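Notes to accompany the following structure.
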Amino acid sequence: MNEQGLNDAARRAHIISEALPYIRRLSGQTVVIKYGGAAMTEEHLKAAVMGDIALLHYVGVKVIVVHGGGPEISAMCKQLGIEPQFVQGMRVTDEATMRVTEMVLGQIGKGIAHWLGTHGAPAVGLSGKDGGLMRAVKFQGEADWGLVGEIQEVNPALLDALAKDGFVPVVTPVATGAGGETYNINADVAAAAIARRAGAVKLLLLTDVAGIYRDFEDKSSLIHELSVAEAEKLIEGGVVSKGMIPKVRCCVDAVQGGVDKAHIVDGREPHAILIELFTDAGCGTMIS
Ligand code: ADP
Ligand code: MG
């Protein structure tokens with residue numbers, strides 16, 4: 001190796017060694033990652049996320065993945081002649097939409113588990129209905145969202161069993177109702193509820209924006225850190241809207257439920273997960 005090559009190798013080794021304090025802190029702990037958006041559809045981003053999760057797995061972090069798939073559900077609905085409809089960022093889910101949702105999401109979950117496996121992290125795609133993982137009731141609000149559910153109970157026994165044997169669970173966000181019906185659960189909300197009950201130290205929500213903006217039109221107004229009280233004010237004041245509402249609300253819920261920190265992270269950034277977990281810099285918006 002020439003001198004330039006040696007310098008380069010030393011620099012790389014130094015960067016890797018900088019991750020040690022973070023790895024020490026996180027090894028053996030549970031981290032929940034909501035995976036969706038561009039990070040799920042663009043091949044180079046997908047490969048980076050899979051590699052990042054495999055790396056976490058190898059350094060002993062117990063990763064639980066909860067995935068989304070909104071655009072894929074909408075695309076399939078349109079193919080089948082069902083027009084997607086949203087109210088306050090949540091999909092209005094009639095029975096036909098629910099069937100499509102479960103089918104499309106199930107396929108996505110199994111696909112993610114397969115890709116994690118090819119990156120060296122043995123993974124299992126499972127439904128939120130499996131092993132009594134998530135029970136829900138109909139979500140009640142100002143509108144009728146149909147089969148959109150509100151989580152009543154999370155039983156993490158199945159997740160614990162998988163983690164104990166070294167498998168990464170990949171959870172499809174659907175839940176069972178008392179009458180055996182299936183509910184559609186917002187993936188951010190499912191991830192937060194699972195993070196609480198699984199005793200996670202961190203919740204990472206990968207999305208298609210850099211984080212929460214104080215003014216969405218002003219890209220210099222990105223909020224890096226937010227307290228629970230401030231987050232609630234942002235919702236009340238209408239600063240956040242659409243899909244950001246459940247995101248911020250469930251981050252608050254997770255933190256109030258004992259999760260140390262919740263992060264809204266830019267999934268368009270390659271290796272956003274490693275940047276957030278293993279560097280001082282971090283990225284996106286942190287709620288603590
Ligand atoms: P995901 O698929 O990651 O769940 P969503 O579309 O549900 O993404 O939610 C993120 C969206 O929330 C952003 O793309 C943006 O359009 C919207 N949004 C509303 N208010 C804000 C805000 N203040 N800061 C950032 N994004 C916001
Ligand atoms: Mg969303």
Side-chain angles (χ1 to χ4, degrees), residues 33-46 49-50 65-116 123-130 133-152 170-194 205-209 216 240-250 267-268:
I33 299 175
K34 188 286 184 110
Y35 178 45
M40 207 165 80
T41 48
E42 280 180 42
E43 288 306 318
H44 75 289
L45 294 173
K46 185 164 117 183
V49 171
M50 297 297 116
V65 178
V66 180
H67 68 86
E72 292 84 349
I73 296 167
S74 293
M76 182 59 82
C77 280
K78 282 181 187 153
Q79 271 187 38
L80 295 170
I82 305 166
E83 196 47 45
Q85 212 189 317
F86 290 87
V87 177
Q88 292 174 17
M90 289 190 292
R91 184 184 304 275
V92 178
T93 309
D94 59 9
E95 274 186 35
T97 304
M98 189 61 244
R99 276 197 295 276
V100 176
T101 300
E102 192 172 19
M103 182 178 78
V104 172
L105 289 184
Q107 202 170 46
I108 292 173
K110 293 293 181 191
I112 295 166
H114 165 78
W115 283 112
L116 281 172
V124 179
L126 53 101
S127 161
K129 290 157 71 177
D130 293 342
L133 178 54
M134 290 197 282
R135 297 194 179 278
V137 292
K138 182 179 161 74
F139 179 80
Q140 304 287 351
E142 298 122 63
D144 186 352
W145 281 273
L147 288 166
V148 167
E150 180 177 338
I151 299 173
Q152 273 219 308
V170 179
V171 180
T172 293
V174 294
T176 320
E181 68 277 33
T182 302
Y183 283 110
N184 176 18
I185 309 288
N186 176 286
D188 300 313
V189 173
I194 288 171
L205 304 178
L206 292 188
T207 186
D208 288 349
V209 279
F216 193 57
V240 297
S241 59
K242 295 188 281 181
M244 198 48 83
I245 298 174
K247 231 180 264 299
V248 175
R249 205 165 266 154
C250 76
R268 300 164 307 174

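Keep in mind the model is a prediction, meaning the values are calculated, not measured. Side chains are part of it too, since the values below use all heavy atoms of this structure and drop only hydrogens, waters and symmetry mates.
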Taking all non-hydrogen atoms of both residues, which atom of Met40 and which atom of Tyr35 are closest, and how far apart?
CA-OH, 3.3 Å
Minimum-distance pair of heavy atoms, taken over all atoms of Lys129 and Thr182
NZ-OG1, 2.8 Å
Heavy-atom check, side chain of Ile112 versus side chain of Met50, under 4.5 Å:
yes
Can you tell if the side chain of Thr172 reaches within under 4.5 Å of the side chain of Ile108, non-hydrogen atoms only?
no
Looking at Asp208, is its backbone amide N or carbonyl O close enough to the side chain of Arg268 to form a donor-acceptor pair, meaning the two atoms are under 3.5 Å apart?
yes
With rounding to the nearest 0.5 angstrom, report the CG to CG distance, Leu45 to Leu206.
10.0 Å
State, with a plain yes or no, whether a side-chain heavy atom of Ser74 is found less than 4.5 Å away from one of Arg91.
yes
Would you check if Met90 and Phe139 make a side-chain contact, meaning some heavy-atom pair closer than 4.5 Å?
yes
Might you point out which heavy atoms bring Tyr183 and Met98 nearest each other, and give the distance in Å?
C-SD, 3.8 Å
Check: His67 main-chain N/O paired with Lys34 side-chain donor or acceptor under 3.5 Å:
no
Would Asp188 and Arg249 pass as an ion pair if we require N to O under 4.0 Å?
no
Would one find more than 12 heavy atoms of other residues, nucleotides or ligands at under 6.0 Å from atom CD of Gln107?
no
Quick one: OG1 on Thr101 to CG on Leu147, what's the gap to the nearest 0.5 Å?
9.5 Å
Taking every non-hydrogen atom, the tightest pair across Pro246 and Val189
CB-CG2, 4.2 Å
Is any side-chain heavy atom of Asn186 less than 4.5 Å from a side-chain heavy atom of Cys250?
no
Atom of Trp145, atom of Val87 and distance for their closest heavy-atom approach:
NE1-O, 2.9 Å
Flag the pair Val171 / Leu126 as yes when at least one side-chain heavy-atom distance between them is below 4.5 Å, and no otherwise.
yes
For Pro84 and Cys77, the nearest pair of non-hydrogen atoms, with its separation, is CG-CB, 4.3 Å
Nearest 0.5 Å, what's the CD-OG1 distance between Glu95 and Thr97?
10.0 Å
